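Take a look at the structure below.
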Number of protein chains: 2
Amino acid sequence: MSGAARTNTRDIARAAVRAELAQVAFELFRQEGFAKVTLDDLAAAAGVSRSTFLRYFGTKEDAVLGAFNAHGTQVADALRARPADEDDWTALRRALDTVVERYRLDPTGSLAMTRLVQDTPALCARQLEKQHGWRPALVEALTERDDSSRSTTLIRSVRAAAALDCLNVALDHWTASNGHLDLVELLDEAFAALAPH
Amino acid sequence: MSGAARTNTRDIARAAVRAELAQVAFELFRQEGFAKVTLDDLAAAAGVSRSTFLRYFGTKEDAVLGAFNAHGTQVADALRARPADEDDWTALRRALDTVVERYRLDPTGSLAMTRLVQDTPALCARQLEKQHGWRPALVEALTERDDSSRSTTLIRSVRAAAALDCLNVALDHWTASNGHLDLVELLDEAFAALAPH
DNA sequence: GTCATATGTGACACTGAGTTTCATCCATGC
DNA sequence: GCATGGATGAAACTCAGTGTCACATATGAC
């Protein structure tokens, strides 16, 4: 029994193919618009069958949004790594630095990707859904950090949700400025607008 | 030219049919589950053709979520009606009372409806999308209330988004308690978790 | 009353997403 | 070489959503 977590040659190959397919899909979506590109188009452009494409990404949207799949647990992990005496809000802000870092590494690509998602209602909706799915993990991480009765699940849920909103709104303004404004500053402003006492 | 806003006999009839169709759909979804019911099932149950059903609700989801269509502008209007000297966060909290009132009027029905939405990923996603669409109207209302430079669009956007999160989280906990907990108290707690200084 | 028009409806065909099934191919281990 | 299992491709299928057309009915003008 090769453990499920074991990363073997096959998994690496799969990941490479997946990345390649995602790249092809992204280019096509940007050129033609998400709605105009069919699964057949994607498969043809990538040189695989429609079946194979759908095996890598369960849905058309996931060919784009699969890039964000790891963000949820990543932010949750970053949250757990914050000092125990830090308040929820500050810890959430700092945990989002892991996401911001991704945008800093490739501003041009990130800008194009973020625009594509924002300008495509179907992608926007799926993205919101995906982020909604991160909330439980964030709440759990917050709870592990401070199990005292000072806080409740409701409070942690609201803060986790609000933190993700801050990210989204900051990104909205970032793309609106063509990436000229500083994402870190925008995020700080967003967090400041809700800073709990 | 009969003005578009004019409510004539025809519009009233349409609204009645629409309400009837929504009711039938809701019952069917609750009994069978949203995914198991097809548009043909809905049309047959309602005694109309598939075409007609789709004319009333553009999508299957909208047969359920159409009930929330007015909420966006309703909250925005309530926001504009708040005293000018009230801070954003308090005004948002009070504006949501218009929504809470709907739940208070029919707790049983609201509970079933909210559960259906929460338990159906497709509906949950569409609901998030719909609420996301409310944000611009809320931001505009906040701006009209206080056009001073004390605040920015980014700040207002974050607060509007966070307020809706508060509502959603409060509703999560309300349904989890089978409607036993007080929605108003839950909402107050949620808002308190983010109270800006 | 009659005619013209507009609107609601149903029937139908069509596209495209996503699921499922099956056959085949190929790499790995024996 | 041979068996096995995972990856692929082909194809049929369901269903949501769009668009078109024909028909019926109700409303308004004369």
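Chain letters run A, B, ... following the sequence lines, proteins first, then strands; residues in each count from 1. Small disclaimer: the values here were computed from a predicted structure and weren't measured.
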Worksheet entry | Aromatic plane relationship, Phe34(A) with Phe29(A) - under 30° parallel, 30 to 60° tilted, over 60° perpendicular | tilted
Worksheet item: Charged N to carboxylate O below 4.0 Å: is that the case for Arg150(A) and Asp146(A)?
Response: yes
Response to the item:
Here the distance between atom P of dT15(C) and atom CG of Asp41(A), to the nearest Å, is 14 Å
Worksheet item: So what does Leu54(A) hit on the nucleic acid, given a heavy-atom distance under 4.0 Å: a base, only sugar-phosphate, or nothing?
Response: base
Discussion item. Using whole Å, what does the distance between atom P of nucleotide dG19(D) and atom CG of Leu39(B) come to?
Written reply: 16 Å
Worksheet item: Rounded to the Å, how far apart are Asp62(A) CG and dA17(C) P?
Response: 15 Å
Sort me out a list of protein N/O and nucleotides 8-12 of chain C N/O pairs below 3.5 Å, or just none if empty.
unit_1	atom_1	unit_2	atom_2	d
dT9(C)	OP1	Tyr56(B)	OH	3.4
dT9(C)	OP2	Tyr56(B)	OH	3.0
dG10(C)	OP2	Ser49(B)	N	2.9
dG10(C)	OP2	Ser49(B)	OG	2.9
dG10(C)	OP2	Thr52(B)	OG1	2.3
dG10(C)	N7	Arg55(B)	NH2	3.4
dG10(C)	O6	Arg55(B)	NH2	2.8
dA11(C)	N7	Ser51(B)	OG	3.1
dA11(C)	N6	Ser51(B)	OG	3.3

Item to complete: Send over the distance from Phe57(B) CZ to dA16(D) C1', rounded to a whole Å.
Response: 16 Å
Worksheet item: In terms of the angle between their ring planes, are His71(A) and Phe68(A) parallel, tilted or perpendicular, with boundaries placed at 30° and 60°?
Response: perpendicular
Worksheet item: Is the side chain of Lys36(A) donor-acceptor paired with the backbone N or O of Gln31(A) at a distance under 3.5 Å, no angle test?
Response: no
Fill in: Leu21(A) CG - dT8(D) C1' separation (whole Å)
12 Å
Worksheet item: Would Thr152(A) and Glu189(B) count as a side-chain hydrogen bond (donor to acceptor under 3.5 Å, both in side chains) if you check the C-alpha gap in whole Å, the side-chain angles of each, and the deciding distance to 0.1 Å?
Response: CA-CA 10 Å; Thr152(A) 66; Glu189(B) 283 180 51; 4.7 Å; no
Worksheet item: Between Glu86(A) and Arg94(A), does at least one N-O distance fall below 4.0 Å, as a salt bridge requires?
Response: no
Discussion item. Can you measure Glu32(B) atom CD to dC15(D) atom P for me and round it to whole angstrom units?
Written reply: 13 Å
Worksheet item: Quick one: Leu42(A) CG to dG16(C) P, roughly how many Å, whole number?
Response: 12 Å
Worksheet item: Expressed in angstrom and rounded to an integer, what is the separation of Lys36(B) atom NZ from dA16(D) atom P?
Response: 14 Å
Item to complete: Pick base, sugar-phosphate or nothing for Arg126(A), based on heavy-atom distances below 4.0 Å to the nucleic acid.
Response: sugar-phosphate
